[in-house]
There are 2 protein chains.
Amino acid sequence: MGQVPAATRTLRVLKFLAAQPAPVSLGRLAAACDLPRSTAYHLLAAMVDEGFVVHLPDEHRYGLGVAAFEVGSGFSRQEPLQRLARRQLADLVDATGESAHLVALHGRDVLYLVEERAPGRPPLVTDVGVRLPAHLTASGRAILASLPAAQVRALYPDRSAFVDRHGVGPRSLSALRVLLAETRQRGYATEEGEVTPGLASIASAVLDHNGHPVAGLAVTYTPGGGAASPDPVVAAVRRTAAAVSRRIGGRTAG
Amino acid sequence: MGQVPAATRTLRVLKFLAAQPAPVSLGRLAAACDLPRSTAYHLLAAMVDEGFVVHLPDEHRYGLGVAAFEVGSGFSRQEPLQRLARRQLADLVDATGESAHLVALHGRDVLYLVEERAPGRPPLVTDVGVRLPAHLTASGRAILASLPAAQVRALYPDRSAFVDRHGVGPRSLSALRVLLAETRQRGYATEEGEVTPGLASIASAVLDHNGHPVAGLAVTYTPGGGAASPDPVVAAVRRTAAAVSRRIGGRTAG
DNA sequence: CAGAACCGTCTCGGATACGAGACTCCCCCT
DNA sequence: AGGGGGAGTCTCGTATCCGAGACGGTTCTG
C-alpha cells in the first residue's frame with residue numbers, strides 16, 4: 001500500500017464512492033475498501049469536513065460531495081493529458097498522413113480528449129468530447145487490453161453491456177476476452193468498420209508508471225484506400241504511445 | 001485539522017490542484033498547502049499511484065490525473081444533492097406557486113442542478129446544466145454571502161471577474177462586498193432583473209455541518225405581477241433551505 | 001565558473017495517528 | 001418483549017507514519 005496508508009485509503013474510498021450509482025452505507029463502504037470500522041469513520045469525517053463526501057443522516061448513507069465535482073472539472077480545465085500529447089499527435093499525423101486522436105476510458109466509454117485531423121482526410125464521427133463504446137473502438141480496446149482481467153469483468157457484468165453500432169463487434173465477455181488476448185499478442189489494437197463503415201483504426205495504450213493505462217492513442221485510416229500496408233502506421237502509433245507514456249513517467253508498453 | 005491529518009491533507013492537495021489552471025511544481029504545491037517537502041513527496045507518490053495525479057517529469061510539474069475526472073463524474077452520476085432536494089423543491093413550488101431551483105457554486109458560476117417549474121409560469125433562462133455568473137443570481141449571492149471573505153476575494157481578484165448581463169449588478173469587489181453584507185443582514189439573497197429583465201428571485205443557502213455553503217436554493221417570480229408581498233415566499237425559501245441543510249446534517253442558516 | 005535554487009531520493013527516530021473494542025441507540029424482525 | 005443487526009461515538013496503547021535533514025543532480029544566473 002505504499003508509504004502513506006491514510007492517503008491511499010482516502011483515495012480508494014473516493015474511487016469506490018465514485019463507482020457507486022447511489023450513496024452507500026458505511027458498512028458496505030468499509031467492507032468494500034477493507035477498512036476497520038473505526039478507521040472508516042475517521043476517514044469519512046475528514047472527507048465530509050473537506051466537502052468531498054456528503055452524509056445523509058436520515059438515510060444512513062454517504063455520497064460524493066461538491067468538492068469531488070470541483071476536482072473533476074479541474075481535470076477538464078487543466079487538460080494535462082492533452083497538453084502532453086498534442087504535440088506528439090501532430091507529429092504522428094505528419095508522419096502517417098492520417099488523422100489521430102487520444103481518448104480516456106470512462107466507464108465503458110471512451111472519451112475523446114484530443115483530435116488531430118490530417119489535411120485532406122474525411123471528417124470522422126469522433127470529435128473532442130464525444131463518447132463511444134470502448135469495446136468497439138481501437139483505442140478503447142488498447143486500454144481494455146492493458147487492464148487486469150478482473151477489472152474488465154467488472155466493467156462488463158452481463159450481455160446488456162455490449163451495445164453495437166453496425167451489427168459487428170464482440171457481444172459477450174468471452175468474445176471480448178478473446179479479442180483482448182489477440183490484441184495483447186499482436187501488440188496493438190485494431191478496429192475495422194465497427195465505428196464507421198469504411199474506416200479502420202490502429203491503437204496503442206498510454207501507460208503510467210505502474211503499467212496502468214491512462215489513455216489510448218489511435219490513427220484512423222481508410223483500409224485499402226490507396227495507402228500502403230499499415231505496418232509503418234503500426235510502428236508510428238506504437239512509437240508515439242511509448243513517447244507519451246515516457247512523458248508521464250510511465251512504462252513503455254510490451 | 002481534525003483527526004486524520006494525512007487524509008485531510010490529501011484532500012486539500014487535490015482541491016489545490018483542481019484550482020490551478022495548469023500543472024504546478026512541487027515547490028509551489030508544498031508552499032500553498034503548507035506541507036513539509038518530504039511529506040509532499042509521500043502524498044504525491046500515493047496520489048500518483050492511485051491515478052489522481054500525473055507527474056510530468058520533464059516539466060517538473062504535477063497535474064490532476066484521470067481518477068480525479070472519474071470522481072468528478074461520479075458526483076454527476078450520483079446526484080446526491082438532487083436526490084435530497086428534489087422533493088423539498090416540489091413542495092416549495094406547491095407552497096409558493098412559483099418556480100424554484102437548486103444550484104451549486106462552481107468557480108464564479110452557479111451551475112443549475114435541479115429545476116422545478118410552477119405550472120402556468122413563464123419558462124426561465126435557467127435549465128439544468130446551465131451556468132450563470134454567481135454574483136448576478138440570487139442563489140449565487142446566497143452562497144457567496146456564506147463564504148469567508150477571503151474566499152470571495154480569491155474568487156474575484158480583479159474587475160475583469162465582474163461580467164454583467166444587462167448593465168446592472170456589482171462591478172467591483174467592494175460593491176460585491178456591500179451587496180453580500182446586505183444579504184447577510186437581511187437573512188436572504190435577492191436579485192431583480194439582473195439575470196432576466198422582468199424577473200426577480202429570492203434565495204437562501206444550503207449549509208453543511210460546519211456552516212459552509214454547498215448549494216443555493218431560489219424561487220423566481222415576476223415582481224409586482226399580481227403576486228402578493230414576497231414575505232411568504234421569503235419564509236418558504238428559508239424554511240426549505242433549512243430543511244435541505246438538515247437533511248445533509250448541516251446547520252440551519254442564521 | 002562559482003553559487004544559488006530547486007528537484008527528487010533516502011534514512012531514521014520520536015510523536016501520534018490508527019485500530020481493537022466497548023458502549024449506546026435505534027430499527028427491524030419474530 | 002426479547003433478540004439481533006447496524007449506525008454512530010469514544011477511549012486508549014502501541015505500531016508506524018511523518019518530518020527534519022542530508023545528499024546528489026540539474027538548471028539558472030550573475
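Everything quoted here is computed from the prediction, not taken from an experiment.
- A straight line from OH of B/Y62 to C1' of C/dC6 spans 12 Å, rounded to a whole angstrom.
- As a whole-Å value, the separation of B/L44 CG from C/dC7 C1' is 12 Å.
- A close approach under 4.0 Å does not occur between any side-chain nitrogen or oxygen of A/Y41 and OP1 or OP2 of C/dG21.
- In this structure, B/E59 atom CD and C/dG8 atom C1' are separated by 17 Å, rounded to whole Å.
- At a threshold of 4.5 Å between non-hydrogen side-chain atoms, the residues B/T240 and B/L217 count as touching.
- Atom pair A/L29:CG and D/dG6:P shows a separation of 15 Å (rounding to whole Å applied).
- Take the nearest nucleotide of DNA chain C for A/H60 and for A/R9: the residue whose nucleotide is more 5' is A/R9.
- Distance from the side chain of B/S25 is smallest for C/dC7 among the nucleotides C/dC7, C/dC18, D/dA7.
- On a pure distance criterion of 3.5 Å, no polar donor-acceptor pair joins the side chain of B/R37 and the base of D/dG21.
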Test side-chain contact (heavy atoms from CB on, under 4.5 Å) on B/V48 and A/D208; report intermediate values, then the result.
CA-CA 9 Å; B/V48 168; A/D208 71 11; over 6 Å; no
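- Here the P atom of nucleotide D/dC18 and the CG atom of B/D34 are 16 Å apart, to the nearest Å.
- In this structure, NE2 of A/H42 is placed 11 Å from P of C/dA20, rounded to the nearest angstrom.
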Run the numbers on A/T183 and A/L144 for side-chain contact (heavy atoms from CB on, under 4.5 Å), then give the verdict.
CA-CA 10 Å; A/T183 300; A/L144 292 174; over 6 Å; no
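- For D/dG8, the OP1/OP2 oxygens have a side-chain nitrogen or oxygen of A/H55 closer than 4.0 Å.
- In this structure, CG of A/L35 is placed 15 Å from C1' of C/dA20, rounded to the nearest angstrom.
- What separates NE2 of B/H209 from C1' of D/dG8 is a distance of 14 Å, to the nearest Å.
- Side-chain atoms of A/V4 lie closest to D/dC18 of the nucleotides C/dA20, D/dC18, D/dA22.
- At least one cation-pi condition fails for B/R159 and B/F162: the charged atom is not both under 6.0 angstrom from the six-membered ring centre and inside a 45 degree cone around its axis.
- The aromatic rings of B/F75 and A/F69 are tilted relative to each other, their planes meeting at an angle between 30° and 60°.
- Of the residues near DNA chain D, A/A6 and A/R28, the one whose nearest nucleotide (by heavy atom distance) lies more toward the 5' end is A/R28.
- Listed nucleotides C/dA20, D/dG8, D/dC18 differ in distance to A/L26; the shortest reach to its side chain belongs to D/dG8.
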